[in-house]
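Report on one structure; see the data block that follows.
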Amino acid sequence: MGRKDIHVVYASDDKFSEILGVSLTSLYENNKDMEQIHVYVLDGKISETNKKKLNSVSGAYGRIDIQWILAKDISEELNMNVAADRGSLSQYARLFVSSVLPSDLERVLYLDCDIIINQPLDEIWDLDMHGKTIAALKDAFSKWYRYNIDLRPTDIMFNSGVMLIDLKRWKEQKVEERLLKFIASKNGKIQQGDQGALNAVLSHDTFCFEPRFNSVTIYYDFSYKEMMVYRKPPEFYTEAQIKEATESPVIIHFTTSFLSRRPWIEGCQHRYVGEWMKYKNMSPWKDEALWEYKRTIGVKGIGAKLVGKLPRKLMISVTGIAQAYGRPMVNRIKEK
């Protein structure tokens with residue numbers, strides 16, 4: 001396709017600045033043929049020390065400086081307490097991409113910090129979105145999750161960690177306004193937080209790209225058949241597509257999983273932990289120790305310990321019931 005410019009946006013707080021730094025290193029390292037890489041960071045109070053480190057990554061590759069954009073506080077914007085549900089409230093900053101990024105920007109690739117780029121991004125950047133507002137990964141959730149965000153049983157649910165966004169259409173469709181209205185209607189308590197809001201508003205306006213563009217941890221922790229039993233999605237990718245996603249991923253997304261640890265935490269055994277460590281060792285955080293693994297305590301911790309003693313097939317069945325039915329039921333109770 002030749003040399004070109006791409007525009008990438010992240011959202012991070014100070015705690016995750018190291019993880020962002022590793023992702024940024026992989027981005028630059030695997031896209032050296034790009035004419036220019038414009039990186040925007042929705043800044044959730046990242047320290048000046050860590051900003052300097054992150055800017056040094058751009059400088060080491062001869063790229064332009066990161067464009068820092070103050071992250072909007074969702075609770076302040078809505079004048080209500082908004083629950084994070086997962087991660088931190090800094091993730092909500094991406095809901096405002098159309099109003100904080102340059103007004104003439106027509107397309108942007110949003111990336112979570114917990115990813116590494118494994119191949120050049122030309123293909124996803126040039127993706128035909130078939131007239132949709134975003135392109136994202138079809139996620140494997142049961143129909144009961146859909147009920148909690150006012151979707152029909154077979155509507156698309158997607159993982160929002162990698163989103164190719166048509167900013168022009170986002171503005172035309174008043175997505176930001178609709179997102180805020182949905183969050184307010186739920187009194188700030190939404191299943192999966194910002195991702196749940198995005199799914200509720202954009203389910204019918206999403207093109208689902210191939211899973212190799214967002215190869216999530218569940219693909220490595222379970223066989224295809226186990227994943228279907230565990231997550232019970234109404235409709236999903238083929239086994240061949242998931243196999244390709246694990247063998248030749250363009251983007252590797254180290255999502256949370258009860259069966260494994262993430263690569264910056266001691267004891268991670270993910271297939272691509274070595275790749276994450278490679279980029280860490282190329283980053284300004286190369287001498288930083290891995291995060292200490294902290295065992296879950298309380299009822300959740302006891303349950304995980306008991307489940308871990310079950311034969312694998314039984315464990316998949318038991319946890320699948322909790323995942324497909326129990327968790328969305330708890331979410332529904334929390335929302336009331």
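Each residue takes its place number in the sequence, starting with 1.
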Find the distance between CD1 (I190) and CD1 (I183) and round it off to the nearest 0.5 Å. 4.5 Å

Would D112 and Y110 count as a side chain to side chain donor-acceptor pair (under 3.5 Å) here? Give the steps. CA-CA 7 Å; D112 272 354; Y110 170 83; 2.6 Å; yes

Ring centres of F258 and Y230 under 6.0 Å apart? yes

Do any N or O atoms from the side chain of S58 and from the backbone of R63 form a donor-acceptor pair under 3.5 angstrom? no

Would you indicate whether N81, at its atom CG, is surrounded by more than 12 heavy atoms from other residues, nucleotides or ligands within a distance under 6.0 Å? no

Using a 6.0 Å cut-off, check whether atom NZ of K243 has over 12 heavy atoms from anything other than its own residue. no

Are any of the side-chain heavy atoms of V162 and L109 separated by less than 4.5 Å? yes

To the nearest 0.5 Å, atom CG of L24 lies from atom CD1 of I116 at 13.5 Å

According to salt bridge (charged side-chain N to carboxylate O under 4.0 Å, His left out), does anything in residues 37-51 pair up with another residue at least two apart or in another chain? List the pairs. D43-K51, E48-K51

Indicate yes or no: at least one non-hydrogen side-chain atom of E292 is less than 4.5 angstrom from one of E266. yes

Ignoring hydrogens and geometry, is there a side-chain-to-backbone donor-acceptor pair from T133 to W170 under 3.5 Å? no

d(F236 CZ, I242 CD1) to nearest 0.5 Å is 4.5 Å

Measuring from atom OG1 of T319 to atom CG of L314, what distance do you get when rounded to the nearest 0.5 angstrom? 9.0 Å

Pairwise distance CG(D205) to NZ(K132) - rounded to 0.5 angstrom: 6.0 Å

Do other residues, nucleotides or ligands put more than 12 heavy atoms under 6.0 Å from the NZ atom of K15? no

Judged by modelled atom types alone, do Y61 and E29 share a side-chain donor-acceptor pair under 3.5 Å? yes

Heavy atoms of other groups near M329 CE, more than 12 under 6.0 Å: no

Is any NZ, NE, NH1 or NH2 atom of the basic residue among E288 and K280 found under 4.0 Å from an Asp or Glu carboxylate oxygen of the other? no

Quick one: do the E18 and S283 side chains pair a donor with an acceptor below 3.5 Å? no

Short N-O contact, E275 and K278, less than 4.0 angstrom: yes

Determine yes or no for a side-chain-to-main-chain donor-acceptor pair under 3.5 angstrom, with E176 supplying the side chain and K171 the backbone. no

Step through the shown structure and confirm whether more than 12 heavy atoms of other residues, nucleotides or ligands are within 6.0 Å of CD on Q269. no

Check whether any side-chain heavy atom of F213 sits under 4.5 Å from a side-chain heavy atom of L164, and report yes or no. no

So, S215 side chain and P211 main chain: donor-acceptor pair closer than 3.5 Å or not? no

S160 and side-chain hydrogen bond (donor to acceptor under 3.5 Å, both in side chains): which single residue from R94, Q91, Q192 fits? R94

Classify the ring geometry of H7 against H38: parallel below 30°, tilted from 30° to 60°, perpendicular beyond 60°. parallel

Scan side-chain atoms only and decide if S203 and D155 contain a donor-acceptor pair under the 3.5 Å cut-off. no

Relative to the ring of Y220, is the ring of H270 parallel (under 30°), tilted (30 to 60°) or perpendicular (over 60°)? tilted

